[in-house]
Amino acid sequence: MIDSLLDWYADHARDLPWREPETTGWGVLVSEIMLQQTPVARVEPIWREWMDRWPVPSALAAETQGEVVRAWGKLGYPRRALRLHAAAAAIAEHHGDVVPSDIDTLLGLPGIGAYTARAVAAFAYGQRCPVVDTNVRRVVARAVHGAGDAGPPSTTRDLNDTEALLPQDPATAATASAALMELGALICTARTPRCVDCPVFADCAWQHAGRPAYAGPAKPVQKFAGTDRQVRGLLLDVLRGTSEPARKSTLDLVWSDAGQRDRCLHSLLTDGLVEQTADGRFALPGEH
DNA sequence: CAAACGTGGGT
DNA sequence: TACCCAAGTTT
């Protein structure tokens with residue numbers, strides 16, 4: 001199964017810039033953080049800007065938090081920008097401005113969890129370690145277990161299942177990890193899998209089982225309209241758009257419910273995404 | 001472990 | 001038009 005997957009990947013992998021051989025560990029790390037819960041198409045232009053502007057961790061660390069949040073643009077989940085900024089500072093300070101290759105060391109950095117640590121180890125440093133994201137979990141659920149979709153995550157089982165698929169050679173294993181993710185992104189998709197084009201079709205347990213429907217618990221659907229997330233986004237969007245601090249009265253225009261609006265502004269202050277100036281206005285952090 | 005956390009494109 | 005969903009992490 002892995003051999004046909006590798007053949008397919010060699011022919012069909014997207015030409016994503018962070019996959020170029022010359023990409024540094026820093027480039028890979030930035031891409032992985034940006035790609036968390038965020039589509040490739042939206043990440044690519046921002047990633048290019050960041051690499052031009054901040055080619056090494058210390059360059060990013062030298063910026064204010066506010067400038068980093070502004071440059072994050074509308075990628076979403078802007079706390080990622082703050083954490084990446086903090087990770088860059090730690091890498092510059094404690095790791096010689098080079099992204100660590102050790103998984104446990106990576107896990108100690110802000111914003112880097114089980115997925116991202118292994119993705120960096122594999123894709124930047126060619127290590128043989130299971131890289132489990134939502135794509136891989138879905139591919140494994142179908143191709144290996146014959147289920148219609150992945151059930152709730154189970155860290156140990158997911159890691160073991162994925163590790164069992166990896167070739168022994170580290171560099172090939174890293175490519176296989178990328179290929180599993182690519183298959184999930186392009187062919188073995190969540191909604192309408194393109195099984196007619198699948199390189200693993202002949203070995204797929206889901207096909208052999210007659211493509212049974214997903215039997216597990218329903219996945220919770222995440223609301224957005226009217227939530228604090230939307231209001232926080234609206235508030236932050238105002239501050240990203242101005243170099244001058246904004247008055248409270250300006251921010252009040254983005255949402256009619258005063259209680260919710262104030263709660264959200266307060267949570268942004270708590271998160272460090274917004275700061276209040278000496279004269280009581282509001283701005284992105286570190287820019288006044 | 002569940003819930004919070006942005007945003008916008010595809011179906 | 002709604003709803004689904006996208007390379008997760010943190011609390």
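A note on names: the letters A, B, ... follow the listed sequences, proteins ahead of strands, and every chain is numbered from 1. Just so it is clear, the model here is predicted, and its values are computed rather than measured.
Gly76(A) comes within contact range of at least one nucleobase, with a heavy-atom separation under 4.0 Å. Within 4.0 Å of Val43(A), counting heavy atoms only, lies no atom of the nucleic acid at all. Within 4.0 Å (heavy atoms only), Pro220(A) reaches no atom of the nucleic acid at all. Ala114(A) comes within 4.0 angstrom of sugar-phosphate atoms only, judged by non-hydrogen atoms across all strands, and of no base. Base engagement by Trp18(A) is indicated by at least one non-hydrogen atom pair under 4.0 Å involving a base atom. At the heavy-atom level, Leu84(A) lies nowhere under 4.0 Å from the strands shown. Nucleic acid contact class of Arg19(A) (heavy atoms, under 4.0 Å, all strands): base. Using a 4.0 Å heavy-atom cutoff across all strands shown, Thr189(A) reaches no nucleic acid atom at all. Looking at heavy-atom distances under 4.0 Å, Asp228(A) makes contact with sugar-phosphate atoms alone, never a base. The residue Ala119(A) sits apart from the nucleic acid: no heavy atom pair falls under 4.0 Å. Contacts of Arg118(A) with the nucleic acid, taken as non-hydrogen atoms under 4.0 Å apart, are absent.
Positionally, the nearest nucleotide of DNA chain C for Phe123(A) lies more toward the 5' end than for the other of Phe123(A) and Leu109(A). Map Thr192(A) and Phe224(A) each onto its nearest nucleotide of DNA chain B; the residue landing nearer the 5' end is Phe224(A).
Rounded to whole angstrom, the span from the CD1 atom of Ile46(A) across to the P atom of dG8(B) amounts to 11 Å. Remark: P of dG6(B) and CE of Met34(A) are 16 Å apart, rounded to the nearest angstrom. In this structure, Tyr77(A) atom OH and dA3(B) atom C1' are separated by 11 Å, rounded to whole Å. Straight-line distance from the CD atom of Glu44(A) to the C1' atom of dG8(B): 17 Å, rounded to whole Å. Counting to the nearest Å, the P atom of dG10(B) and the CZ atom of Arg42(A) are 10 Å from each other. Between the CD atom of Gln37(A) and the P atom of dA4(B) there is a distance of 15 Å, rounded to whole Å. In this structure, Gln222(A) places its CD atom 9 Å from C1' of dG6(B), rounding to the nearest Å. In this entry the distance linking CG of Leu82(A) with C1' of dG6(B) reads 15 Å, nearest Å.
One side chain, Tyr115(A) or Glu32(A), offers a donor N or O that lies under 3.5 Å from an acceptor on the other. Side chains of Ser267(A) and Arg232(A): a donor-acceptor N/O pair is present below 3.5 angstrom, by distance only. Side-chain N/O atoms of Asn135(A) and Arg138(A) include a donor and acceptor closer than 3.5 Å. Side-chain contact annotation: Asp161(A) with His145(A), donor-acceptor N/O pair under 3.5 Å present. Judged purely by distance below 3.5 Å, without hydrogens or angles, the side chains of Arg80(A) and Thr38(A) pair a donor atom with an acceptor atom.
Considering all non-hydrogen atoms of both residues, Arg261(A) and Lys248(A) come closest at NH1-NZ, 4.4 Å. Here the shortest heavy-atom pairing between Gly286(A) and Thr64(A) reads O-CG2, 3.2 Å. Of all heavy-atom pairs spanning Arg281(A) and Ala246(A), the tightest one is CB-O, 3.3 Å.
Between Lys74(A) and the phosphate of dG6(B), there is no side-chain N or O to OP1/OP2 separation shorter than 4.0 Å.
Ion pairing between a basic and an acidic side chain is recognised when a charged N comes within 4.0 Å of a carboxylate O; Asp52(A) and Arg48(A) show no such pairing.
To the nearest 0.5 angstrom, Glu275(A) atom CD is 9.0 Å from Leu284(A) atom CG. Rounding to the nearest 0.5 Å places CH2 of Trp50(A) at 8.0 Å from CG of Leu75(A).
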Salt bridge (Lys or Arg N to Asp or Glu O under 4.0 Å) assessment of Asp228(A) paired with Arg263(A): CA-CA 8 Å; Asp228(A) 285 4; Arg263(A) 177 175 71 236; 2.7 Å; yes
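A gap of 23 Å separates the P atoms of dA3(B) and dA7(C), to the nearest Å. Taking atom P in both dC3(C) and dG6(B), one finds a spacing of 22 Å when rounded to whole Å.
In summary, contact between chain A and DNA chain C, defined as any nucleotide atom under 4.0 Å from a heavy atom of the protein, begins and ends at dC4(C) to dT10(C) in the 5' to 3' direction.
The side-chain heavy atoms of Trp255(A) and Gln230(A), taken from C-beta on, include a pair separated by under 4.5 Å.
Ring centroids of Trp54(A) and Trp26(A) are separated by 6.0 Å or more, keeping the two rings apart.
Between the side chain of Arg229(A) and the base of dT7(B) there is no donor-acceptor pair of N/O atoms closer than 3.5 Å.
Within a heavy-atom distance below 4.0 Å of DNA chain C, no residue of residues 232-267 of chain A is found. Against DNA chain B, the stretch residues 147-170 of chain A makes no heavy-atom approach under 4.0 Å.
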